[in-house]
Protein chains: 2
Amino acid sequence: MPRPRSLTPTLLAKAALAVIGREGPDGLSMRAVADELGMGTMSLYRYVQGREQLEALVVDLVLDPAQGGPDLDVGRRKNWVDKATELAVRAHAVATTHPAVTPLLLARRHASIHSLRWGEALLSVLAEAGFAGERRAIAFRTIVAYVFGAVQLQHLGPLGGEGTAAIAALPPDDFPLLADTARSARKISPDAEFLSGLRLVLRGIAVK
Amino acid sequence: MPRPRSLTPTLLAKAALAVIGREGPDGLSMRAVADELGMGTMSLYRYVQGREQLEALVVDLVLDPAQGGPDLDVGRRKNWVDKATELAVRAHAVATTHPAVTPLLLARRHASIHSLRWGEALLSVLAEAGFAGERRAIAFRTIVAYVFGAVQLQHLGPLGGEGTAAIAALPPDDFPLLADTARSARKISPDAEFLSGLRLVLRGIAVK
DNA sequence: AAAATAAGAGTACATTGTACTCTTAATCTT
DNA sequence: AAGATTAAGAGTACAATGTACTCTTATTTT
């Protein structure tokens, strides 16, 4: 009977994503998204409960496999390490392809169904590999901690980023190893760094 | 010639910490801190450039070894794995002792000198163990990624937390392994979980 | 054509960070 | 001892934000 809705959650999320893309993460506001859609600010509240839920929609959009999120099918690979690597690399790729969304992703990923599906997929890889009970739980949480820790590190730590700037501004004599590491790290691409670290983590889990 | 300052950065940080402790992380505001100190809001700006710097002061205070932050002396231990474990555990302990400060810690740790010192200490442990160049850089970043990923996970994921609530609200049939893992994880204390994961990571780094 | 109902617009307010200006207290000079 | 000096601190004001609440309007069913 009533007037039909003009938006879908996906449309809303895309508008928010466009705003973030144009104005950066801090440019996201209810007003900006409403303007992007040519609507009144308060009209958004017909679709989301508030800003938090809007952010959750963005995260959901980015993580949606149908929209470029991580594909969860790793059936082809032979051993579980390769399968887990594939899942982790895809998650990492998604998180770093949209750098402006990374903070949102880190903060709200746990509320996204796609994120849960990814977790379930990783767990099933571990289960197939024979992990069970507490050992599986630990292995799982360790991988997840590494993946999202690395994403966060990469977000803060790129060469032009705030982290490196702070280090560069310090007396290098007090932090010789940190300076040296920053130099070494400059030669490694973020993707290669992630992969190398991931191999170490998975190796530690794999060894009996 | 002028009137002397009535505050030190430490005093300011302590007031901010008190506010966070009483009102939670979202309760931190320039006004609240000023009230806590019995000053006008704008007077704070004689001591900090803005809110960001105030947050940095809080992080610095929490990470200060002289105030309960991670002690960096691990000379006693025999092998590098034990030393690295000690450093990681201390960092984890600090980060989780002040749960209300955890978000700040994760966001601004890189700007704190104490955090850099911790990094330098960890690197020197790795260097003594014979790691150098890219291998050392990777090992270092891997450990750091795990430590702060785990802190973040623990912050979001405790039983009463938002993460678990979201999982519990879902159709358990779609996420059998996730549900099972949540059950297994409930038996493990956060500290034990952190330590177990850390052992896996360090083992992966140690194996030739 | 009219009624019904949810969609969407508009207004208003509390909360925040902070720019700017004014007042005041402590020190140094004479 | 008194005044000059200078930064400390108070006060005011404003822009940006999230959102509660009310009013209007478009669309579908009767």
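The basis for the numbers below is simple: all heavy atoms, side chains too, and nothing from hydrogens, waters or symmetry mates.
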Quick check for you: to the nearest 0.5 Å, what is the distance between [X] atom [atom1] and [Y] atom [atom2]?
X        : Y        : atom1 : atom2 : answer
A/Leu153 : B/Thr142 : CG    : OG1   : 9.5 Å
A/Leu12  : A/Leu37  : CG    : CG    : 6.0 Å
A/Ser6   : A/Tyr47  : OG    : OH    : 4.0 Å

Can any side-chain N or O of B/Arg90 pair as donor or acceptor with the backbone N or O of B/Asp71 at less than 3.5 Å?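 Looks like yes, one N/O pair under 3.5 Å.
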Using only atom types and a distance under 3.5 Å, with no angle test, would you say the side chain of B/Trp118 pairs donor to acceptor with the backbone of B/Pro70?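 A pair under 3.5 Å: no.
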Range on DNA chain C touched by chain B - first to last nucleotide, heavy-atom distance under 4.0 Å: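 Result: C/dT16 to C/dC28.
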How close or far is atom C1' of D/dT19 from atom CG of A/Leu54, stated in whole angstroms?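 Value for this atom pair: 14 Å.
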Nearest whole Å is fine: how far is D/dT17 C1' from A/Glu55 CD? 13 Å
Using heavy-atom distances to pick each residue's nearest nucleotide on DNA chain C, tell me which of B/Arg51 and B/Arg46 is more 5'. B/Arg51
Nearest heavy atom decides the nucleotide; on that basis, is A/Arg31 or A/Tyr47 closer to the 5' end of DNA chain C?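 Here A/Tyr47 is the residue nearer the 5' end.
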By the 4.0 Å heavy-atom rule, please label B/Met39 as base, sugar-phosphate, or nothing.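 Since only primed, P, OP1 and OP2 atoms lie under 4.0 Å of B/Met39, the category is sugar-phosphate.
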Selection: residues 4-18 of chain A, any non-hydrogen atom under 4.0 Å of DNA chain C: A/Pro4, A/Arg5, A/Ser6
Might you point out which heavy atoms bring A/Ile138 and B/Gly197 nearest each other, and give the distance in Å? CG2-N, 3.9 Å
Parallel, tilted or perpendicular: ring planes of A/Tyr146 versus A/Phe194, cut at 30 and 60 degrees: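 It falls in the parallel class, under 30°.
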For A/Arg3 and for A/Gly27, locate the closest nucleotide of DNA chain D by heavy-atom distance; then report the residue assigned to the nucleotide nearer the 5' terminus. A/Gly27
Do NZ/NE/NH1/NH2 and the carboxylate oxygens of B/Lys187 and A/Glu134 come within less than 4.0 Å? no
